[in-house]
Amino acid sequence: MRPRGTVNEWLHWLPVSVHKKVDNVIRRIYDDSRCFLGKKVMPVLVENGGKNAGLLDVLEADANQIAKMARDTFDRDGPLLVVASGRDTISVASSIRQLASENVFVVQIQHPRLNLNRFDLVITPCHDYYPLTPEAQEQIPWFLRSWITPREPPDSNVVLTVGALHQADSAALRIAASLWHDELALLPKPMLVVNIGGPTRNCQYGEDLAKQLTEMLRNVLWSCGSLRISFSRRTPEKVSKILLKEFSANRKVYIWDGRGPNPHMGHLAWADAFVITADSVSMLSEACSTGKPVYVVGAERCTWKFAEFQKSLHERGVVRPFTGKEYVCSQLSHDDQISETWSYPPLNDSAEAASRVIEALSKRGWITHARWVF
């Protein structure tokens, strides 16, 4: 993962190789400055958690080497399936395809903001096309539109998903249910799982949302058999402290402190309902693949394409806003009955995307035990 902070907030938009070169130049300038001034100058170009961190340890794939391997082993092992995800992989993935187009099949996950014909298949959420909408165009300064806006509408080599791709499919959840059975199966039902992310540029919040969420959870706690809360690595301490102060002494509530195995997959398998902060597309996508009730808190704070994602989930009837007035279980019936439930077709983006990859490979006469490079 690339270091953040100071100048890196601008440089992280560059390819990793270019970022490294710029970083090296600036570090040389700092070194020269120290020699010239005859005193120690502390560079602040790259910081991570308060510690200086360079880019030398950031792994970067070698397009030439991968392309050569694909060509050299094609007759013996067949084609190489290259799956690239995120901005840092775009230039490498497109280069591999250019160098060995007859020997590889390149899948780019997330919209690359380049000509899509540089890839064999592009898998991207629908909300990545939000910048094409008239509403979004009004929000983009004219001189940035050609850079931010996707250059092409969806074509035959584009697979559109609702949310993010993830590993929480039915098979993974069955395994998680077994692995976490002893810890979670006997807990009082219904189990409400709360996943808290962290504020982002397009979904900002702080102590105000934490206090609001605390009050709403306090209101529904009486109707829960058990409440389990997890924080992400992005959760600010000022947010987690508010919930810890309120619930850490409550016997109904378990708060994962980051120690020991992460219960996230177990929660997905055993929860009866979820409350999730709106900032995380991944956490919402995973929860919505379970078919269980998913409540969202803070969606009204989302802007840009993240607001479009929230809108799409609501229109599909997949999520509802969390108000604190819900009855997680009915006191007029069995203790394990969920009231306020609703049904929806679970999101199945990963399986559907995989099917499209297999279909595209078969059209070339390639079978699915092709070698994978991620």
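Each residue takes its place number in the sequence, starting with 1.
- Side-chain contact check for V357 versus V159: every heavy-atom pair is 4.5 Å or farther apart.
- The minimum heavy-atom distance linking Q310 with L284 is given by the pair NE2-CD1, 3.3 Å.
- Side chain of K241 to main chain of P236: no donor-acceptor pair is present (N/O by atom type, distance under 3.5 Å, no hydrogens or angles).
- Distance check: K68 NZ to I66 CD1 gives 13.0 Å after rounding to the nearest 0.5 Å.
- Residues V83 and I109 form a side-chain contact, since some pair of their non-hydrogen atoms from C-beta on lies under 4.5 Å apart.
- Within 6.0 Å of the CD atom in Q98, the count of heavy atoms belonging to other residues, nucleotides or ligands does not exceed 12.
- Checked by atom type and distance alone, the side chain of R97 never pairs as donor or acceptor with a backbone atom of V104 at under 3.5 Å.
- Remark: side-chain polar atoms of R301 are not paired, donor with acceptor, to backbone N or O of A278 under 3.5 angstrom.
- Residues V275 and V193 have side chains not in contact (no heavy-atom distance under 4.5 Å, counting atoms from C-beta outward).
- Taking every heavy atom of both residues into account, P321 and Y295 meet most closely at O-CD2, 3.9 Å.
- At least one donor-acceptor pair closer than 3.5 Å links the side chain of D208 to the backbone N or O of G206.
- Residue I123 is tested with T161, D349, L160, V158 for a side chain to side chain contact (heavy atoms under 4.5 Å, CB included); the sole match is T161.
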Evaluate the side chain to side chain contact (heavy atoms under 4.5 Å, CB included) criterion for residues N219 and K325: first the C-alpha distance (whole Å), next the side-chain angles of each, then the deciding distance (0.1 Å), finally the verdict. CA-CA 7 Å; N219 291 340; K325 299 178 181 179; over 6 Å; no
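- Using a 4.5 Å heavy-atom cutoff, the side chains of V281 and H127 are in contact.
- Taking every heavy atom of both residues into account, P131 and A136 meet most closely at CA-CB, 3.6 Å.
- Both I229 and L244 are part of a single hydrophobic cluster, where members link through side-chain heavy atoms under 4.5 Å apart.
- Between N103 and L80, the closest side-chain pair of non-hydrogen atoms is not below 4.5 Å.
- Within the structure, salt bridge (Lys or Arg N to Asp or Glu O under 4.0 Å) pairs that include any residue of residues 210-220 comprise E215-R218, R218-E246 (at least two apart or interchain).
- Counting only distance, with no hydrogens or angles, the side chain of D128 and the backbone of H111 share a donor-acceptor pair below 3.5 Å.
- Taken to the nearest 0.5 Å, the CH2 atom of W180 stands 11.5 Å off from the NE2 atom of H264.
- Between Q110 atom CD and T89 atom OG1 the span is 8.5 Å, to the nearest 0.5 Å.
- Hydrophobic clustering keeps L186 apart from W270 (ILVMFWY residues linked when any side-chain heavy atoms are closer than 4.5 Å, directly or through intermediates).
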Determine whether R118 and V106 satisfy the following criterion, side chain to side chain contact (heavy atoms under 4.5 Å, CB included), listing intermediate values before the conclusion. CA-CA 9 Å; R118 296 188 183 186; V106 178; over 6 Å; no
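- Counting all heavy atoms, side chain and backbone alike, L243 lies closest to V239 at CD1-O, 3.3 Å.
- The two residues R234 and D279 come nearest to each other via the heavy atoms NH2-OD2, 2.6 Å.
- Using a 4.0 Å cut-off between a side-chain N of Lys or Arg and a carboxylate O of Asp or Glu, R356 and E352 do not qualify as a salt bridge.
- The two atoms that bring F105 and A360 nearest to each other are CZ-CB, 3.6 Å, heavy atoms only.
- Within the model, atoms CG of D72 and CG of D77 stand 11.0 Å from one another, a figure rounded to the nearest 0.5 Å.
- The shortest distance between side-chain heavy atoms of Y254 and L187 does not fall below 4.5 Å.
- With D257 contributing its side chain and R259 its backbone, the two residues share a donor-acceptor pair below 3.5 Å.
- In this structure, the side chain of D155 does not engage the main chain of N157 through any donor-acceptor pair within 3.5 Å.
- Side-chain N or O atoms of R113 include none that pairs as donor or acceptor with a backbone N or O of R151 at under 3.5 Å.
- When side chains are defined from C-beta on, C288 counts as touching V319, because their heavy atoms get closer than 4.5 Å.
- Residue Y130 holds its OH atom at 3.5 Å from CD of E135, rounded to the nearest 0.5 Å.
- Side-chain contact check for T149 and Q137: at least one donor-acceptor pair (N or O, by modelled atom type) lies under 3.5 Å.
- The side-chain heavy atoms of S285 and F309, taken from C-beta on, include a pair separated by under 4.5 Å.
- Cluster annotation: L213 and L221 are assigned to the same hydrophobic cluster (Ile/Leu/Val/Met/Phe/Trp/Tyr, side-chain heavy-atom contacts under 4.5 Å, transitive).
- The structure places CZ of R228 at 12.0 Å from CG of L192, a figure rounded to the nearest 0.5 Å.
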